[in-house]
There are 2 protein chains.
Amino acid sequence: MSATARKRLDAMAAKLKASGLKLTPQRLAIMRLLAESEDHPGADGIWRRLKRRFPGISPATVYRTVQLVKSLGEACEIAFADGGSRYDGRKPYPHPHIVCLACGRIIDPELGSLGDMTREAAAASGFEIKTFRLDFFGTCPECSKNKTKTMPTRRKK
Amino acid sequence: MSATARKRLDAMAAKLKASGLKLTPQRLAIMRLLAESEDHPGADGIWRRLKRRFPGISPATVYRTVQLVKSLGEACEIAFADGGSRYDGRKPYPHPHIVCLACGRIIDPELGSLGDMTREAAAASGFEIKTFRLDFFGTCPECSKNKTKTMPTRRKK
DNA sequence: CTCTCAATTGAGAATTATTATCAATATTAG
DNA sequence: CTAATATTGATAATAATTCTCAATTGAGAG
Ligand SMILES: [Mn+2]
Ligand SMILES: [Mn+2]
Ligand SMILES: [Zn+2]
Ligand SMILES: [Zn+2]
């Protein structure tokens, strides 16, 4: 486990305790996955990965915990048009994403001009802007090479 | 009906015919709403507005038609995290939005730096970018005013 | 205009990811 | 350890959207 992942996990656990909530083995495992994963896992994927170590774990527990961590401000959700969601526990604040329509991979780009554009939007509209959502969709370098077929962001529906 | 709305409606009807589909009164009414509305209506809102003129119109017909117009490339969908969708038949291509969290209003801002940012994302990631989704969330000027009037200062609880 | 037939509609059933319920169980403080 | 309370897993419920299908309609041909 990397140092940054450890810090993220500690932050999640600290918020839990600060709210008087209990740190169960299931929660610890889910939070650890959220803190470590660089692939923006979905609730269903987390559940499938955790079944190995917790054979009886319920999907409801995963959904509950992921929502809990989000509500504690320690993960952010990327909700897609097909109804599926993916989560990022490494960067719990809003940030842009690039989604591969072929393999479902999601990466975090660095976009220096984002702050300026947010200010431009506020100035042009008069809105007080609280948050945002920015997602690009396309084909990742690997899939461009391989010319694979499209795969949805959600495994099964 | 404005000239631009007429053009949009004509484009929708032309695509329909080009695909060998039929122009029914229900479809015409739904497409007209999509072509005219500046408020980004949702399927349910379209259905409620249309019930006046078509008392027996089915929600399924509205869902079907909105999806059809979208699949013809004549409307774009803004899908939100709560599962709901709003549609824009005036600008059928991807474009940014600003959503008021208080009243639900959605506007189309002009953002000159968007093209540059898309190129920045492509260059930084190596992805071939096909489309995007950009939504800002905040409070519109009217709701900002009303909020300060009715809730001048924070009271103790 | 009439005919013909595929396309479309409306009603109701089905789908399905997520959420709510609740008795049993596990965690934490003391 | 014990008590108090939070959490879990199983299961039922939810609800927006989609599907099914018999009846109806649009639109081109004649
Ligand atoms: Mn991310
Ligand atoms: Mn728009
Ligand atoms: Zn890919
Ligand atoms: Zn508003």
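Values in this document were obtained by computation on a predicted structure and should not be read as measured data. Every chain is numbered from 1 and lettered A, B, ... according to where its sequence line falls, protein lines coming before strand lines. The figures here come from the full heavy-atom set of this structure, side chains too, leaving out hydrogens, waters and symmetry mates.
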Mind checking what makes salt bridge (Lys or Arg N to Asp or Glu O under 4.0 Å) contact with [X], not counting sequence neighbours?
X	value
A:Arg64	none
A:Arg27	none
A:Glu110	A:Lys91

With a sphere of 6.0 Å drawn around [atom1] of [X], does it hold more than 12 non-hydrogen atoms of other residues, nucleotides or ligands?
X	atom1	answer
B:Lys17	NZ	no
A:Glu38	CD	no
B:Lys7	NZ	no

Using a strict heavy-atom distance below 4.0 Å, which residues from residues 10-34 of chain A are in contact with DNA chain D?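 Only A:Leu21, A:Lys22, A:Thr24, A:Gln26, A:Arg27 qualify.
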Angle of first-five versus last-five pair axes in the helix from C:dC1-D:dG30 to C:dG30-D:dC1, to 10 degrees: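 One end axis against the other gives 50°.
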If you assign each of B:Asp44 and A:Phe54 to its closest nucleotide in DNA chain D, which residue comes earlier from the 5' end?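 The residue closer to the strand's 5' end, by nearest nucleotide, is A:Phe54.
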Determine whether a donor-acceptor pair (N or O, by modelled atom type, separation under 3.5 Å) exists between the side chain of B:Trp47 and the backbone of B:Ile57.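 Checking the backbone N and O of B:Ile57 against the side chain of B:Trp47, a donor-acceptor pair under 3.5 Å is found.
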Write down the distance between [atom1] ([X]) and [atom2] ([N]), rounded to a whole number of angstrom.
X	N	atom1	atom2	value
B:Arg53	C:dT9	CZ	C1'	19 Å
A:Ile46	C:dT18	CD1	P	11 Å
A:Ile57	C:dT25	CD1	P	18 Å

Indicate for each nucleotide in nucleotides 18-24 of chain D, in 5' to 3' sequence, whether protein heavy atoms under 4.0 Å reach the base (B), only the sugar-phosphate (S), or nothing (-). BBB----
Please, which pairs that meet ring-ring contact (aromatic ring centres under 6.0 Å, His included) have at least one residue in [range], sequence neighbours excluded?
range	answer
residues 2-26 of chain A	none
residues 121-147 of chain B	none
residues 94-116 of chain B	B:His40-B:His97, B:Tyr93-B:His95, B:His95-B:His97

What are the residues of residues 75-89 of chain B, sorted by number, that bring a heavy atom to within less than 4.0 Å of DNA chain C?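 The answer is none.
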State, without any angle test, whether B:Ser113 and A:Glu120 hold a side-chain donor-acceptor pair at a distance under 3.5 Å.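 Yes, because at least one side-chain N or O of B:Ser113 sits under 3.5 Å from a partner of the opposite role on A:Glu120.
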Which residues share a side-chain contact (heavy atoms from CB on, under 4.5 Å) with B:Ala102, sequence neighbours left out: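 B:Ala102 satisfies side-chain contact (heavy atoms from CB on, under 4.5 Å) with B:Cys100, B:Cys143 once adjacent residues are dropped.
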Taking only residues two or more places apart in sequence or in another chain, which ones pass side-chain contact (heavy atoms from CB on, under 4.5 Å) with A:Asp39?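 Expected list: A:Ser37, A:Pro41.
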